[in-house]
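Naming convention: chains lettered A, B, ... in sequence-line order (proteins, then strands); numbering from 1 in each chain.
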Protein chains: 2
Amino acid sequence: MTKTAIPAPNYPRPLTTVDVVIFTALDEQLQVLLVKRPDGPKEPFPGHWALPGGFVDVDKDTSLETCALRKLKEKTGVDAPYLEQLGSWGSAERDPRGWSATHVYFALLPQAAVQLEKGANAAEVAWHPVIDHKVKPKLAFDHAEILAVAIERLRSKSEYSSLPAYLLPAEFTLPELQQAYEVVLGRPVDKSAFRTRVLSAEVVEETGDQRYTTNRPAALYRLKQPGALTFFPRTFSPRKD
Amino acid sequence: MTKTAIPAPNYPRPLTTVDVVIFTALDEQLQVLLVKRPDGPKEPFPGHWALPGGFVDVDKDTSLETCALRKLKEKTGVDAPYLEQLGSWGSAERDPRGWSATHVYFALLPQAAVQLEKGANAAEVAWHPVIDHKVKPKLAFDHAEILAVAIERLRSKSEYSSLPAYLLPAEFTLPELQQAYEVVLGRPVDKSAFRTRVLSAEVVEETGDQRYTTNRPAALYRLKQPGALTFFPRTFSPRKD
DNA sequence: TTAATAGTGTCTATAAGACATTATATG
DNA sequence: CATATAATGTCTTATAGACACTATTAA
């Protein structure tokens with residue numbers, strides 16, 4: 001039961017949902033997690049790919065954010081190191097079941113973190129590469145528009161913040177971090193400028209260890225303030241139009 | 001009646017509201033429009049000041065944004081030259097009438113635009129100066145927190161965009177625009193740097209007219225793209241901590 | 001002619017872009 | 001020692017900050 005110290009007016013209420021845009025970097029591409037909508041005559045957009053999400057459960061969810069965290073965990077099995085609200089979309093038309101409003105969050109995950117279940121619903125939950133602000137399949141509801149906004153937010157915020165670091169595991173090298181930026185921004189980034197920028201902003205600190213690969217090893221770093229964003233005083237590349 | 005091509009599941013639904021944070025610059029201060037909550041035993045926060053807003057009307061409102069525009073017009077009688085979504089807040093606790101989620105927009109208005117009705121509800125709708133990210137009266141619901149986020153968003157966005165221009169009428173002088181920035185940012189801004197920045201970004205164009213006051217007249221400008229935001233390649237003042 | 005505000009110019013500081021150079025591991 | 005990648009250095013460019021200086025109106 002919902003706590004109602006004061007009775008609520010008896011207006012008809014819109015449907016309330018929460019959706020989560022979950023990004024990762026995989027195979028040097030930005031990818032987004034999608035789920036397949038169930039089939040059935042009474043289902044909206046049966047068989048379509050959609051952002052993971054669903055109705056707010058007023059008994060289980062204490063807030064929109066805990067609801068988003070719940071849905072994130074249900075689909076990925078992990079806690080996202082970064083979650084922020086993207087915005088909300090609501091109208092009479094967006095869901096054939098009636099007036100609905102969705103509260104959208106977006107999350108960044110390191111590649112390694114997620115083990116999508118193989119088996120039962122393997123075909124129902126999958127990463128899809130983001131190409132040109134879009135994903136290949138036609139999405140359910142207004143999710144294509146929401147995804148476009150999420151990608152734009154991720155890109156533009158990556159121009160002046162440490163956001164792409166959350167696509168990496170807790171320890172990473174600077175070349176790895178640079179590549180995360182390049183994947184998100186979709187363009188190469190100058191190594192020297194990148195290093196100066198990141199190091200002088202004191203976003204990261206050395207762990208003391210090194211990552212050994214086939215050639216010269218690279219120093220390992222971690223975020224100084226895990227979960228927090230650092231903002232740079234300038235955008236990455238002053239876009240010249 | 002709501003259109004229901006497909007029946008909706010019968011979960012209990014949260015209350016859905018829209019609130020609007022309306023800013024203006026008045027008397028060289030940032031001000032926000034507040035409304036007084038009605039008195040009454042069945043009213044939440046009776047007599048408290050609150051952000052203008054209320055329930056989504058699924059019959060009248062086609063979307064969250066049109067709902068926000070409606071509430072804005074109801075309180076101010078004008079169309080805001082700038083409106084953007086701030087975010088949403090929802091939890092079991094924020095409204096004593098039950099689980100509720102509010103979709104919050106924020107708007108900027110020129111000082112001159114608004115004539116709050118004198119008379120009937122004169123005491124019910126009023127501008128309140130923003131001092132130190134707060135407003136004097138204790139606000140209803142979680143509106144103090146929402147207002148703080150709105151102010152922070154306005155401030156930080158003003159560091160790198162043309163946002164404060166929407167606190168001014170369609171035609172304004174550069175000293176007036178500079179003062180709008182100073183009011184929002186709460187600090188003085190260098191005149192020379194300010195002018196170079198604004199003029200080289202081609203945000204504004206001269207109208208050809210001048211504003212005559214007590215001394216040297218100033219050239220009048222207007223926005224080149226009314227309703228749009230221009231972003232600068234750097235933040236206004238690289239904050240040194 | 002003075003006061004006040006509008007508008008310009010000069011110099012410095014900061015951080016990014018381009019790109020060459022040096023360093024250090026593996027095989 | 002060859003190769004590949006990590007890391008640094010040098011030079012240029014863009015734009016903000018500080019602040020002095022000039023311009024134009026009303027009274």
Whole Å only: how far is the [atom1] atom of [X] from the [atom2] atom of [N]?
| X | N | atom1 | atom2 | result |
| --- | --- | --- | --- | --- |
| A:K191 | D:dG9 | NZ | C1' | 12 Å |
| A:F232 | D:dT15 | CZ | P | 20 Å |
| B:R234 | C:dA16 | CZ | C1' | 8 Å |
| A:L220 | D:dA7 | CG | C1' | 15 Å |
| B:Y221 | C:dA6 | OH | C1' | 10 Å |
| B:D190 | C:dG9 | CG | P | 15 Å |

DNA chain D contacts made by residues 171-186 of chain A, counting heavy atoms under 4.0 Å: A:P175
Nucleic acid contacts of residues 195-206 of chain B, taken as heavy-atom distances under 4.0 Å to DNA chain D: B:R197
Where the side chain of A:S192 is defined as all heavy atoms beyond and including C-beta, which of D:dG9, D:dA7, C:dG17 is the nearest nucleotide? D:dG9
Please tabulate the protein-to-nucleotide N/O contacts below 3.5 Å involving nucleotides 23-27 of chain C, giving atom names and distances.
residue : atom : partner : partner atom : Å
C:dA23  : N3   : A:R216  : NH1          : 2.7
C:dT24  : O4'  : A:R216  : NE           : 3.3
C:dT26  : O4'  : A:T214  : O            : 2.9

Are A:H103 and B:H103 close enough that their ring centres sit under 6.0 Å apart? yes
Which residues share a side-chain hydrogen bond (donor to acceptor under 3.5 Å, both in side chains) with [X], sequence neighbours left out:
| X | answer |
| --- | --- |
| B:Q210 | none |
| B:R70 | B:D61, B:E74 |
| B:Q179 | none |

A:L177 and side chain to side chain contact (heavy atoms under 4.5 Å, CB included): which partner among A:L223, A:V189, A:L168? A:L168
Would you mind listing every side chain to side chain donor-acceptor pair (under 3.5 Å) that reaches into residues 189-208 of chain A, with sequence neighbours excluded? A:E205-A:R222
Does B:Y166 have any ring-ring contact (aromatic ring centres under 6.0 Å, His included) partners at least two apart in sequence or in another chain, and if so, which? B:Y82
For B:F106, what residues pass the ring-ring contact (aromatic ring centres under 6.0 Å, His included) criterion, not counting sequence neighbours? none
Salt bridge (Lys or Arg N to Asp or Glu O under 4.0 Å): which pairs involve residues 127-143 of chain B, sequence neighbours left out? B:R94-B:D142, B:D132-B:K134
Can you list every salt bridge (Lys or Arg N to Asp or Glu O under 4.0 Å) pair that touches residues 20-34 of chain B, not counting sequence neighbours? none
Any ring pair (Phe, Tyr, Trp, His ring centres under 6.0 Å) pairs touching residues 173-200 of chain B, not counting sequence neighbours? B:Y181-B:F194, B:Y181-B:F236
